[in-house]
Amino acid sequence: MIHTLHLHTKQRDEMIEITRLIHDLLKQEQLEEGLAVIYCPHTTAGITIQENADPDVRHDVLMRLDEVYPWTHPKYRHAEGNTASHLKAITTGSSQTVLVASSRLVLGRWQGIYFCEFDGPRERSCLVIFIRG
């Protein structure tokens, strides 16, 4: 079964931790061992695994992405004006796969799963499927 998470983003660029939401779905599935696949069906958003202990990491990541991919550039040609958001989404990627063991997501001590918004605020969705191992 494919689960859909509905997210409301509040800023143009933000990282929303969704680890707890995925863990709650995992409990519903009663999966003991396998995989969790988290997928973003948007071209201006992404999914990443990153440190969840210090919120300054999110700040620093978003700051550097803005520096690498500025919102405006004289050579951008995309008519919607959101080329930077597409480039950031390419950088983070559209999905992550996480191992499941003993009915838990196998993440490092400081790791969390994040939905990365790069063209907000918007109503977004994130898809999750569990594969039994």
Side-chain angles (χ1 to χ4, degrees):
M1 171 182 193
I2 297 175
H3 301 274
T4 302
L5 299 176
H6 297 282
L7 304 167
H8 175 74
T9 64
K10 297 177 179 145
Q11 299 173 33
R12 184 180 73 196
D13 294 298
E14 67 181 299
M15 294 172 67
I16 301 168
E17 187 172 2
I18 58 173
T19 312
R20 171 58 49 199
L21 298 173
I22 295 165
H23 180 71
D24 291 346
L25 292 174
L26 177 58
K27 279 184 175 178
Q28 288 176 19
E29 287 281 322
Q30 299 179 338
L31 177 67
E32 194 166 312
E33 190 174 277
L35 301 171
V37 179
I38 304 96
Y39 173 72
C40 172
H42 307 287
T43 60
T44 57
I47 302 292
T48 195
I49 295 174
Q50 194 45 255
E51 179 179 327
N52 65 357
D54 182 353
D56 285 338
V57 171
R58 285 181 282 175
H59 169 272
D60 294 349
V61 167
L62 293 173
M63 176 192 67
R64 287 294 292 139
L65 285 171
D66 264 346
E67 291 172 358
V68 173
Y69 306 118
W71 193 251
T72 59
H73 189 283
K75 294 184 179 180
Y76 286 164
R77 295 173 60 178
H78 182 47
E80 287 183 47
N82 63 352
T83 296
S85 61
H86 290 281
L87 295 169
K88 292 173 186 180
I90 288 169
T91 300
T92 58
S94 61
S95 67
Q96 293 289 324
T97 301
V98 180
L99 297 173
V100 174
S102 301
S103 300
R104 299 181 52 86
L105 297 168
V106 180
L107 293 167
R109 169 178 256 158
W110 309 116
Q111 288 183 317
I113 304 165
Y114 289 89
F115 180 89
C116 302
E117 173 65 78
F118 300 121
D119 197 23
R122 291 182 183 251
E123 296 295 324
R124 297 291 200 170
S125 61
C126 176
L127 306 176
V128 181
I129 190 167
F130 297 99
I131 302 166
R132 297 191 185 281

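Because only heavy atoms are used, hydrogens play no part in the values below, and waters and symmetry mates are left out as well, while side chains stay in.
A donor-acceptor pair under 3.5 Å is absent between the side-chain atoms of S94 and the main chain of C40, judged by distance alone. A donor-acceptor pair under 3.5 Å is formed between the side chain of H42 and the backbone N or O of S125.
Hydrophobic clustering of Ile, Leu, Val, Met, Phe, Trp and Tyr side chains at less than 4.5 Å, counting indirect connections, unites L26 with F115. Follow the hydrophobic side-chain contacts under 4.5 Å out from V100 and you reach I18 in the same cluster. Hydrophobic clustering (ILVMFWY, side-chain heavy atoms < 4.5 Å, transitive): I16 and F118 are in distinct clusters. Connection of I49 to L5 is established within a shared hydrophobic cluster, with ILVMFWY side chains joined at heavy-atom distances below 4.5 Å, either directly or through further cluster members.
Counting only residues at least two apart or on different chains, the side chain to side chain donor-acceptor pair (under 3.5 Å) pairs with a member in residues 24-33 are H3-E29. Sorted by first and then second residue, the side chain to side chain donor-acceptor pair (under 3.5 Å) pairs with a member in residues 101-118 read T9-E117, E117-R124; sequence neighbours excluded. Residues in residues 71-94 take part in these ring pair (Phe, Tyr, Trp, His ring centres under 6.0 Å) pairs, two or more places apart or across chains: H73-Y76, H78-H86. Identified under the salt bridge (charged side-chain N to carboxylate O under 4.0 Å, His left out) test for residues 46-58, with sequence neighbours left out: none.
At a threshold of 4.5 Å between non-hydrogen side-chain atoms, the residues T91 and L87 do not count as touching.
When all heavy atoms are compared, the tightest approach of P41 to C126 is CD-CA, 4.4 Å. In plain terms, the two heavy atoms of A53 and P55 that are nearest each other are O-CD, 3.7 Å.
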(request) Kindly determine whether I22 and F130 satisfy side chain to side chain contact (heavy atoms under 4.5 Å, CB included), including the steps that lead there. (result) CA-CA 10 Å; I22 295 165; F130 297 99; 4.3 Å; yes
(message) Determine whether V98 and I113 satisfy the following criterion, side chain to side chain contact (heavy atoms under 4.5 Å, CB included), listing intermediate values before the conclusion.
(response) CA-CA 9 Å; V98 180; I113 304 165; 4.0 Å; yes
(message) Assess the residue pair L21 and L7 against the criterion (side chain to side chain contact (heavy atoms under 4.5 Å, CB included)); give the C-alpha distance rounded to whole Å, side-chain angles, the decisive distance to 0.1 Å, and a yes or no.
(response) CA-CA 11 Å; L21 298 173; L7 304 167; 4.2 Å; yes
(request) Dump the intermediate steps for side chain to side chain contact (heavy atoms under 4.5 Å, CB included) on V57 and M15, then the final yes or no. (result) CA-CA 10 Å; V57 171; M15 294 172 67; over 6 Å; no
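In this structure, H59 places its NE2 atom where only 12 or fewer heavy-atom neighbours from other residues, nucleotides or ligands lie under 6.0 Å away.
Atom-to-atom distance recorded for D119:CG and N82:CG is 4.5 Å, nearest 0.5 angstrom. Distance NZ/K88 to CZ/R12: 5.5 Å, rounded to 0.5 Å. Between L25 atom CG and L31 atom CG the span is 11.5 Å, to the nearest 0.5 Å.
Residues satisfying the side-chain contact (heavy atoms from CB on, under 4.5 Å) criterion with V68, sequence neighbours excluded, are R64.
Cluster note: L99 groups with I2, L35, V37, Y39, V106, L127, I129, I131 through ILVMFWY side-chain heavy atoms spaced under 4.5 Å, whether in direct contact or through intervening members.
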